[in-house]
Amino acid sequence: MPELPEVEVVRLGLAEHVTGRTVAAVEVRHPRSVRRHLAGELDFAARLSGRQVRAARRRGKYLWLDLDSDGAAGEALLAHLGMSGQMRIQPPGAADETHLRVRLQFADGGPELRFIDQRTFGGLSVENVVDGLPTPVAHIARDPMDPHFDHDAVIAGIRRRRTSLKRALLDQTLVSGIGNIYADEALWRARLHGARPTATLTATQGRTLLTVVTEVITEALAAGGTSFDALYVNINGASGYFDRSLAAYGQAGRPCPRCSTAIQREAFMNRSSYTCPRCQPRPRHPHP
DNA sequence: CATTTATCCTGTAAGC
DNA sequence: TGCTTACAGGATAAAT
């Protein structure tokens, strides 16, 4: 569910509220939420206890808290929010949320960190950090907010693929941070159809596409992210308001903000794609 | 090798 | 009202 802007909103909140604090106690309330910590939940808790949080970092949709030692080597608490994961900062003693999965208490006795996740597709684990990245993040491409993001290399990578444009945008090993919402919004802004074969993308169209990807992500971040319901909230439980700025995603039947043609919904990989049939005509030879 | 699909979960909304 | 079905912001193992 959360894409780059939503995860970045969470990261900013964690940077403010947990940096410099020392973990005192860890409570795992659902084993599935730490299933990626292969050594098990007891080891997960033991590894966190007594550790100080040094920084909150992110690549794409992955989020992690550096523990103790600065620099490239060390360990981090890695989080992926999956479809419904939340991080919340709550006063100790506040009522447990229905889907509270993991609780971290701190040595200062201050507000605790809670991982809440209805569908449990997300999870936490303690990972080794190599060259500045937790091991499971090594294969994730840089995201458009990364200062070293290389537009031309990504365009070349997209054109090298033998697939459709939207599938390429969603491939986190090509460019990270983009999910179903921002893929549709970017394709709409670029007036491109997601079924377009990647190989036919011109260099100019590629540059336009990455430019609008960056724009939509930046605007969504400024709005605090996109929330349709209480499933995405920041660490204080507040919703973002970028949903009011969506031109295509979830707008089936509503007029395209550019040409007033009704936005169309179509099936895509067990979910949906939203396009303007006039601004984004289907390619003559769509990728299957 | 690259690419596509099926699946992990729970809750909500729509349709009958 | 109740029951059934479709769908939801993601990633990945397994299949093609």
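Which of dA11(C), dT10(B), dT4(B) sits closest to the side chain of Q118(A) comes down to dT10(B). Counting only heavy atoms from C-beta on, T163(A) has its side chain closest to dT4(B) among dA6(B), dC9(B), dT4(B). The side chain of F121(A) approaches dG10(C) more closely than any other nucleotide in the set dT4(B), dA11(C), dG10(C). With dT3(B), dA11(C), dC7(C) as the candidates, the nucleotide lying closest to the side chain of S272(A) is dC7(C). Listed nucleotides: dA11(C), dG9(C), dC9(B). Nearest to the side chain of Y232(A): dG9(C).
Side-chain N/O atoms of R36(A) include none lying less than 4.0 angstrom from OP1 or OP2 on dG10(C). In this structure, H30(A) does not reach the dC9(B) phosphate: none of its side-chain N or O atoms is under 4.0 Å from OP1 or OP2. Contact check, R32(A) against dC8(B): no side-chain N or O comes under 4.0 Å of OP1 or OP2. For Q172(A), no side-chain nitrogen or oxygen approaches OP1 or OP2 of dG10(C) to under 4.0 Å. Residue R161(A) places none of its side-chain N or O atoms closer than 4.0 Å to OP1 or OP2 of dA2(B). Not one side-chain nitrogen or oxygen of H139(A) sits closer than 4.0 Å to the OP1 or OP2 atom of dA11(C). Under 4.0 angstrom from either OP1 or OP2 of dG9(C) there lies at least one side-chain N or O belonging to R271(A). For H80(A), no side-chain nitrogen or oxygen approaches OP1 or OP2 of dG10(C) to under 4.0 Å. Taking 4.0 angstrom as the limit, H99(A) places none of its side-chain polar atoms (N or O) nearer than this to OP1 or OP2 of dC9(B). A close approach under 4.0 Å does occur between a side-chain nitrogen or oxygen of Y249(A) and OP1 or OP2 of dG9(C). Phosphate contact (OP1/OP2 of dG9(C), side-chain N/O of S227(A), threshold under 4.0 Å): absent.
Between L221(A) atom CG and dG9(C) atom P the separation is 20 Å, expressed in whole Å. In this structure, K61(A) places its NZ atom 10 Å from P of dT12(C), rounding to the nearest Å. For D117(A) and dC9(B), the CG to C1' distance is 9 Å, given to the nearest whole Å.
Spacing between dA11(C) and dT12(B) at atom C1', rounded to whole Å, works out to 23 Å. Nucleotides dT3(B) and dG9(C) have their P atoms positioned 24 Å apart, rounded to a whole Å.
Under the 4.0 Å criterion applied to side-chain N and carboxylate O atoms, R54(A) and D68(A) are not assigned as salt-bridge partners. Residues E266(A) and R282(A) are paired through a salt bridge, judged by an N-O separation under 4.0 Å between the basic side chain and the carboxylate. Remark: E112(A) does not engage R88(A) in a salt bridge, criterion side-chain N to carboxylate O under 4.0 Å. Salt-bridge formation is not detected for the pair R59(A)/D143(A): no Lys NZ or Arg NE/NH1/NH2 atom is positioned less than 4.0 Å from an Asp or Glu carboxylate oxygen.
Taking the six-membered ring for Trp and the full ring otherwise, the centers of F228(A) and Y249(A) sit less than 6.0 Å from each other.
In this structure, R101(A) is not positioned above the aromatic face of F115(A) in the sense of NZ or CZ being under 6.0 Å from the six-membered ring centre and within 45° of the axis.
Across every strand in view, dA13(C) sits in a pair with dT5(B) that passes the Watson-Crick or G-U test at under 3.5 angstrom.
With DNA chain C read from its 5' end, the first of the two nearest nucleotides for R265(A) and G177(A) is the one closest to R265(A).
Residue-level contact check: Y62(A) touches the backbone only, with heavy atoms under 4.0 Å from sugar-phosphate atoms and none from bases.
At a cut-off of 3.5 angstrom, the base of dA8(C) holds at least one donor-acceptor pair with the side chain of R119(A).
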